[in-house]
Amino acid sequence: MRRRAQCIAFKTRAPRGGSGKSRLQQGPTELNRMDNNAEFASQTSYVNEYLHFISVESSLGFVLTAITPRGLRAVFLGDTREELEQDLRREFPWSKPEYNHYGLEGIGAQIVKCVETPRLDFSLPFDIIGTSFQLEVWRTLRSIRAGKTATYSEIAERIGAPGQELSVAQACLTNRLAVAIPCHRAVGDDGDIGVYRWGLERKKALLQAEADV
């Protein structure tokens, strides 16, 4: 029996002093998932907390998994451990990421299984940083079922930003949770496969794996 994917429910609120009408144009926010619910929170500092990571080899290359006390902060795909660690430190320079092989061995194996079997869902809570526009795009990507795709313009329409397909594509490129937030399911409007932060060959492989199930 095929495992049914779990969906995340999102609740939103405008940052203090703002209004809900301009939510897509607001600045950086935090997205946390607790008890299967996600909520936007603004102006919160996590400078002094840990960011632990592990890199595990998979059929798509190496998979780096990084976590904070609140959940999954990053899932990167790449060719070498060194490349992925450099990317992580560049993305989160204030967090001083630390490699934690023994403490995260089980989590690393779980994430690799989800990456290699993209119809499985990630059981860890998410701890995501992004602008309100990016968070809207990533939430919509989570609603696209495995085996299905949506064009950048369709996603723009769904989030109430028609004509912003280039911004949607850019939000896909800034996604830090490969497969967990399935930006590989976003494709070009002209039938083109579109863009992918971790390489078009990996995107093709993920889409093919989902189509074959």
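Computed from a prediction, not measured in an experiment: that's the story for all the values here. Reckoned from all heavy atoms, side chains included, excluding hydrogens, waters and symmetry mates. Position 1 is the first residue of the sequence, and the numbers go up from there.
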Considering non-hydrogen atoms only, spot the tightest contact between [X] and [Y] and give its length.
| X | Y | result |
| --- | --- | --- |
| Tyr152 | Cys172 | CE2-SG, 4.1 Å |
| Ala180 | Phe126 | CB-CZ, 3.8 Å |
| Ala150 | Ile155 | CB-CG1, 4.0 Å |
| Val63 | Val75 | CG1-CG1, 3.9 Å |
| Glu157 | Pro162 | OE2-CB, 3.4 Å |
| Leu141 | Pro182 | O-CG, 3.2 Å |

Salt bridge flag under 4.0 Å for residues Asp121 and Arg142: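 Looking at Asp121 and Arg142, the cut-off is met.
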Any Lys/Arg nitrogen of Arg197 or Glu91 sitting under 4.0 Å from an Asp/Glu carboxylate oxygen of the other?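 Glu91 and Arg197: salt-bridged.
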Would a single hydrophobic cluster contain both [Y] and [X], if residues Ile, Leu, Val, Met, Phe, Trp and Tyr are joined by side-chain heavy-atom contacts under 4.5 Å?
| X | Y | result |
| --- | --- | --- |
| Val195 | Leu200 | yes |
| Val187 | Val179 | no |
| Leu166 | Ile159 | no |

Does any non-hydrogen side-chain atom of Ile129 lie less than 4.5 Å from one of Arg73?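 They are in side-chain contact.
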Side chains of Tyr50 and Glu98 in contact at under 4.5 Å (non-hydrogen atoms):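 No; the side chains remain at least 4.5 Å from each other.
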Ignoring hydrogens and geometry, is there a side-chain-to-backbone donor-acceptor pair from [X] to [Y] under 3.5 Å?
| X | Y | value |
| --- | --- | --- |
| Ser95 | Pro97 | no |
| Thr117 | Cys114 | no |
| Arg202 | Gly61 | no |

Walk me through it: do Ile54 and Asn100 pass the test side-chain contact (heavy atoms from CB on, under 4.5 Å)? CA-CA 6 Å; Ile54 187 172; Asn100 188 343; over 6 Å; no
Might you work through the salt bridge (Lys or Arg N to Asp or Glu O under 4.0 Å) test for Arg89 and Glu85, ending with a clear yes or no? CA-CA 6 Å; Arg89 296 187 185 282; Glu85 182 173 343; 2.9 Å; yes
Is the ring pair Tyr196/Trp198 parallel, tilted or perpendicular, if the boundaries are 30 and 60 degrees?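 Taking Trp198 first and then Tyr196, their aromatic rings stand perpendicular (interplane angle over 60°).
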For the CD atom of Glu116 and the CG atom of Leu206, what is their distance to the nearest 0.5 Å?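 That separation rounds to 10.0 Å.
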Just verifying a value: how many Å separate Phe76 CZ and Leu84 CG, rounded to the nearest 0.5 Å?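 Separation between the atoms: 8.0 Å.
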Begin from the C-alpha positions of Asp127 and Arg176 and carry the test salt bridge (Lys or Arg N to Asp or Glu O under 4.0 Å) through to its verdict. CA-CA 10 Å; Asp127 180 24; Arg176 300 182 180 97; over 6 Å; no
Classify the side-chain pair Thr151/Glu165 by whether it contains a donor and acceptor separated by less than 3.5 Å.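 Looking only at side-chain atoms, Glu165 and Thr151 do not form any donor-acceptor pair under 3.5 Å.
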Pairing donors with acceptors under 3.5 angstrom, does anything connect the side chains of Gln110 and Ser123?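 Yes, side-chain donor-acceptor contact under 3.5 Å.
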Evaluate side-chain contact (heavy atoms from CB on, under 4.5 Å) for Glu83 paired with Leu88, printing each intermediate quantity in order. CA-CA 9 Å; Glu83 165 200 344; Leu88 185 69; over 6 Å; no
Testing Leu177, Leu72, Val115 one by one against Thr65 for a side-chain contact (heavy atoms from CB on, under 4.5 Å), which residue passes?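 So the option named by the test is Leu72.
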Which is it for Glu210 and Arg185 under the salt bridge (Lys or Arg N to Asp or Glu O under 4.0 Å) test, yes or no, and what are the steps along the way? CA-CA 10 Å; Glu210 293 179 345; Arg185 296 175 193 160; 2.7 Å; yes
Passes side-chain contact (heavy atoms from CB on, under 4.5 Å), Trp138 versus Asn175? Steps please. CA-CA 8 Å; Trp138 298 339; Asn175 171 31; 3.8 Å; yes
Is it the case that over 12 heavy atoms from other parts of the model lie below 6.0 angstrom from the CZ atom of Arg145?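 No.
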Tell me, with the steps shown, if Ile111 and Leu124 meet side-chain contact (heavy atoms from CB on, under 4.5 Å). CA-CA 9 Å; Ile111 299 301; Leu124 289 171; 4.3 Å; yes
